[in-house]
Novice: 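Take this structure, written in structure tokens, and hold onto it; I'll ask about it next.
The chains referred to below are lettered A, B, ... by the order of the sequence lines, with proteins before strands, and numbering in each begins at 1.
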Amino acid sequence: MMHYVPNRTVDLTQLGIERVLGPDGRADPAHDPRLDTKLVVRIYESMLRARLIDERMLGLQRQGRVGFHVGFRGEEAAVIASAAALRDTDWIFPCYRELGALLWRGFSLETYLDNMYGNADDVVHGRQMPDHYTSKKLCYASVSSPIGTQITHAVGYAWAAKLRREDVVTATFFGEGGTSSSDFHAGLNFAGVYKVPTVFLCRNNRWAISTSADKQTASESFAGKAIAYGIKGVRCDGNDALAVYRTVQEAVLRASRGEGPTMIELLTYRLGGHSTSDDPKVYRTDEEVESWQKQDPILRLRRHLELLGAWHEQDEKQLAAGVDSELKQHIEAAERKPQPELSSGFDDVYAERPWHLTEQLEAIQNGPRPKRGH
Amino acid sequence: MEMTMVQALNQALRGEMRRDDRVVLLGEDVGKIGGVFRVTQGLQAEFGGDRVIDTPLSECGIIGTSIGMAMYGLRPVPEIQFADFIYPAFDQIVNEAAKYRYRSGGEHTVPMVIRTPIGGGIRGGHYHSQSPESLFIHTAGLKVVCPSNPYDAKGLLLSAIRDPDPVIFFEPKRVYRAARMDVPEDEYVLPLGKAKVVRQGEHVTLIAWGAMLYEALAAAEEARQKGVDAEVIDLCTLWPLDIDTLVESVKRTGRVVIVHEAPKTCGFGAELVSLICEKAFLSLEAPPVRVTGWDTPFPYSLENEYLPLAHRIVPALLQTAHY
């Protein structure tokens, strides 16, 4: 008779938290990845730019100019430093809160705003809600709203690359709420069994809409779940851009060397609402939010760069002015563009349009049409 | 060479895997034992564990990872052991595979074939007998195929694997080993979206697919003894539908009977009746009739009462013809 013999004893409470930046902005020399300061400045600029874009989208939604926005305030380090640690040819399978990763890869503001407005130039022809973008060119899968479904796609993609002996790692983002989905279980399980080069990036931002993290699991940590799948689990301060970079880079290189998947729990906090349709004041206290504002990832990285003498008040102002002017330009342009053509609503259902869709399109074209707008 | 549907499907997969190294098979028990119905028997031995993959027991995992593989550029052919077990993957099929092309503006596509045995008649009870085709026909972005014989199964499967869109390929398990026919060793493709008139007749159009085609043909023979000549159409591809073949036939006969195993309410027969009414209303001489499974879960002991077998089709044909 076979007996199950655990190959290690793990005390989940003892999973340490990877951290580099101290409260004073100094990097812990024992853990500092010693990145080129130019790279750190680039990461910081990208985080700040993403924050400013996020703020403007929130404003546009409040003014009724865009229909919806899903923000990411407070999670810029978790997302952008992760993207920075990936290689350009590694694929990202996002949840819906990782615009920063796409911007890091050079997604143009023009293309983003066309998506926010769902206009005729939108890559996805206004078929999805705002913030549901895609970019095959930038190795970025398409955003969907169901929770966790992208996790198995990331595993399948990396598995295929492994079968074809190609060095591609996939990274997939999800929130701590996503760890309750069946796709999370399936994804980690398949990746563990077949040693697939996927890095699982769990943004533990404490809130899944109004449901707190302790209602998602009785585990001591989310990273601890990885151990049950036979894969490596790591906890990392998700508001510490240098720790995120270092932890993700190690996982990517490990996957690339054929040593298997890693799940990283990025400890962060969603400073804003779940989306523009949410009011977080209903379910959490101002004190809680304020305590996390003190750990704002942008403040922490700025303090570090200021200590290094690599960032100044003037740089901050200049960047903000630049983002403001590019936003103005692209918002105006996106607003002026027309709606997608009616016929585009019937394209891409299949590679070729079948008879029944042609029939339905013609019936709509020849019948009464709604007034312009919503 | 004379062979069963299981053998024809196996030959199709083997040939396509030799021709195209992007084709990979994955699913529960598809490797070592070649699937519980042995459709993939011997393929892991020939192509290795990297191309014929025994997966963990998770349908959403099988379909989710297949989607990722398809996005990479492989041609995955996942197997769901029984159509009854496809529901854990329903979200992946409906919200992801079916919508991926549309929601990404055509940037990403998910060409894959989900093979799964369908239907009753093997004393499988609730969970080895279901016919969930209308759930997938109802979902924009999917193609749905259901061959009735070994020859069609091979030609349609090859077309499905080469198709740029996700295809649900239902294999009527009652036919797997019941029918034998000549199937060429060489490859051939049968286009998706084409129905076949398998028996010509002038009085009633009788539409069926999969295992029920044999019941339709038996019923047509019996009705012939009673003076009613039915034209039997095998849909082969359920969606996109070959509407022209149906309408052309109904315009000649003026009468139509539709047979399917799935429950009656919102079954595919309902859509067929609607389309026929829309396109051939003035040719109809009698109300269209559906002979179907019951609006109940699939029963074990009363299987042959539940199924729309020939004994229930014959009176429907006679009544429709004499309406």
Side-chain angles (χ1 to χ4, degrees), chain A residues 91 93 122-128 132-137 140-146 148-164 166 168 170 172 181-183 185-187 189-194 196 198 344-345 347-352 354-357 359, chain B residues 21-22 24 26 48-51 53-74 76 88-89 91-92 94-111 140-143 163-166 193 239-244 275 278:
Chain A
W91 269 69
F93 288 79
D122 177 17
V123 173
V124 301
H125 308 289
R127 291 170 188 157
Q128 288 222 72
H132 287 59
Y133 30 74
T134 181
S135 177
K136 190 172 186 178
K137 191 177 71 183
Y140 199 90
S142 139
V143 176
S144 73
S145 312
T149 47
Q150 74 280 6
I151 298 173
T152 46
H153 304 169
V155 174
Y157 195 99
W159 195 359
K162 182 182 171 175
L163 295 175
R164 303 293 278 196
E166 203 197 342
V168 173
T170 59
T172 180
S181 71
S182 44
D183 292 280
H185 163 65
N189 193 37
F190 277 55
V193 170
Y194 280 98
V196 173
T198 296
S344 75
D347 291 333
D348 298 326
V349 181
Y350 299 93
E352 285 174 35
W355 65 269
H356 68 290
L357 292 180
E359 247 185 41
Chain B
D21 69 0
R22 298 171 305 164
V24 295
L26 64 161
D50 278 0
R51 292 186 64 199
I53 304 165
D54 280 316
T55 64
L57 211 165
S58 164
E59 288 77 14
C60 80
I62 293 166
I63 302 303
T65 53
S66 293
I67 289 170
M69 288 180 173
M71 288 174 72
Y72 175 85
L74 299 187
D91 189 29
Q92 285 290 350
V94 172
N95 272 330
E96 300 294 330
K99 293 176 176 51
Y100 227 112
R101 178 189 293 278
Y102 192 75
R103 79 173 201 228
S104 68
E107 278 203 349
H108 304 286
T109 59
V110 185
L142 300 177
K143 293 179 179 175
D163 196 88
D165 292 305
W239 204 259
L241 181 69
D242 182 357
I243 187 70
D244 293 342
L275 285 168
E278 283 169 22

Novice: Which heavy atom of B:Tyr100 sits nearest to which heavy atom of A:Ala141, and what is that distance?
Specialist: OH-CB, 3.4 Å
Novice: Would you mind checking which part of A:Val349 comes under 4.5 Å of any heavy atom in chain B, side chain (CB onward), backbone (N, CA, C, O), both or neither?
Specialist: both
Novice: Chain B heavy atoms under 4.5 Å from A:Phe93: which part of the residue, side chain, backbone, both or neither?
Specialist: side chain
Novice: Could you tell me which of B:Leu142, B:Ile63, B:Leu26, B:Thr109 has the largest number of non-hydrogen atom pairs under 4.5 Å with chain A?
Specialist: B:Leu142
Novice: For A:Val196, is it the side chain, the backbone, both or neither that has a heavy atom under 4.5 Å from a heavy atom of chain B?
Specialist: neither
Novice: Is a donor from one side chain sitting under 3.5 angstrom from an acceptor on the other, for A:Ser145 and A:His132?
Specialist: yes
Novice: Do A:Arg164 and B:Tyr72 form a cation-pi contact, if we require the NZ or CZ to be under 6.0 Å from the six-membered ring centre and within 45 degrees of the ring's axis?
Specialist: no
Novice: Please look at B:Lys143 and chain A and tell me whether the side chain, the backbone, both or neither of the residue comes under 4.5 angstrom of a heavy atom of that chain.
Specialist: both
Novice: Measure up the A:Trp355 and B:Trp239 rings against each other and bin them: parallel (under 30°), tilted (30 to 60°), perpendicular (over 60°).
Specialist: tilted
Novice: Top residue by heavy-atom pair count (under 4.5 Å) with chain A, among B:Asp91, B:Leu275, B:Thr55, B:Ile243?
Specialist: B:Ile243
Novice: Select one option (side chain, backbone, both, neither) describing which atoms of A:Ala158 are under 4.5 Å from chain B's heavy atoms.
Specialist: neither
Novice: Go through the structure and list residues passing salt bridge (charged side-chain N to carboxylate O under 4.0 Å, His left out) with B:Asp54, not counting sequence neighbours.
Specialist: none
Novice: Specify which of B:Pro56, B:Gly106, B:Ser58, B:Ala70 makes the most heavy-atom pairs with chain A at under 4.5 Å.
Specialist: B:Pro56
Novice: Which pair of non-hydrogen atoms, one from A:Asp348 and one from A:Arg127, has the smallest distance, and what is that distance?
Specialist: OD2-NH1, 2.8 Å
Novice: Only one of B:His108, B:Arg101, B:Arg103 passes side chain to side chain donor-acceptor pair (under 3.5 Å) with A:Ser142; say which it is.
Specialist: B:Arg103
Novice: So for A:Ala161, is it side chain, backbone, both, or neither that comes closer than 4.5 Å to the heavy atoms of chain B?
Specialist: both
Novice: Name the orientation class of the two ring planes belonging to A:Trp159 and A:Phe190 (parallel below 30°, tilted from 30 to 60°, perpendicular beyond 60°).
Specialist: perpendicular
Novice: So what's closer than 4.5 Å to chain A heavy atoms on B:Arg22: side chain, backbone, both or neither?
Specialist: both
Novice: Considering only heavy atoms and a distance below 4.5 Å, find which of B:Pro240, B:Cys60, B:Pro164 pairs most often with chain A.
Specialist: B:Cys60
Novice: Check each atom of A:Asp122 against the heavy atoms of chain B and say whether the ones under 4.5 Å are side chain, backbone, both or neither.
Specialist: neither
Novice: Determine the option with the most heavy-atom pairs under 4.5 angstrom with chain B, choosing from A:Ala191, A:Ser344, A:Ala160.
Specialist: A:Ala160
Novice: Within the 3.5 Å criterion, strictly below it, is a donor on A:Thr152 or B:Gln92 matched to an acceptor on the partner's side chain?
Specialist: yes
Novice: Which one, A:Gly187, A:Ser135, A:Ala154, leads in non-hydrogen pairs under 4.5 Å with chain B?
Specialist: A:Ser135
Novice: Taking every heavy-atom pair that is under 4.5 Å apart, which of A:Leu163, A:Asn189, A:Ile151 has the most such pairs with chain B?
Specialist: A:Leu163
Novice: For the residue pair B:Glu96 and A:Ser144, confirm or rule out a side-chain donor-acceptor distance under 3.5 Å.
Specialist: yes
Novice: Give, as side chain, backbone, both or neither, the part of B:Asp50 having an atom under 4.5 angstrom from any heavy atom of chain A.
Specialist: both
Novice: Can you name the salt bridge (charged side-chain N to carboxylate O under 4.0 Å, His left out) partners of B:Asp244, sequence neighbours left out?
Specialist: none
Novice: Using a cut-off of under 4.5 Å on heavy-atom pairs, state which of B:Ile53, B:Asn95, B:Val24 scores highest against chain A.
Specialist: B:Ile53
Novice: What option among A:Val155, A:Asp183, A:Val193, A:Thr170 has the most heavy-atom pairs under 4.5 Å with chain B?
Specialist: A:Asp183
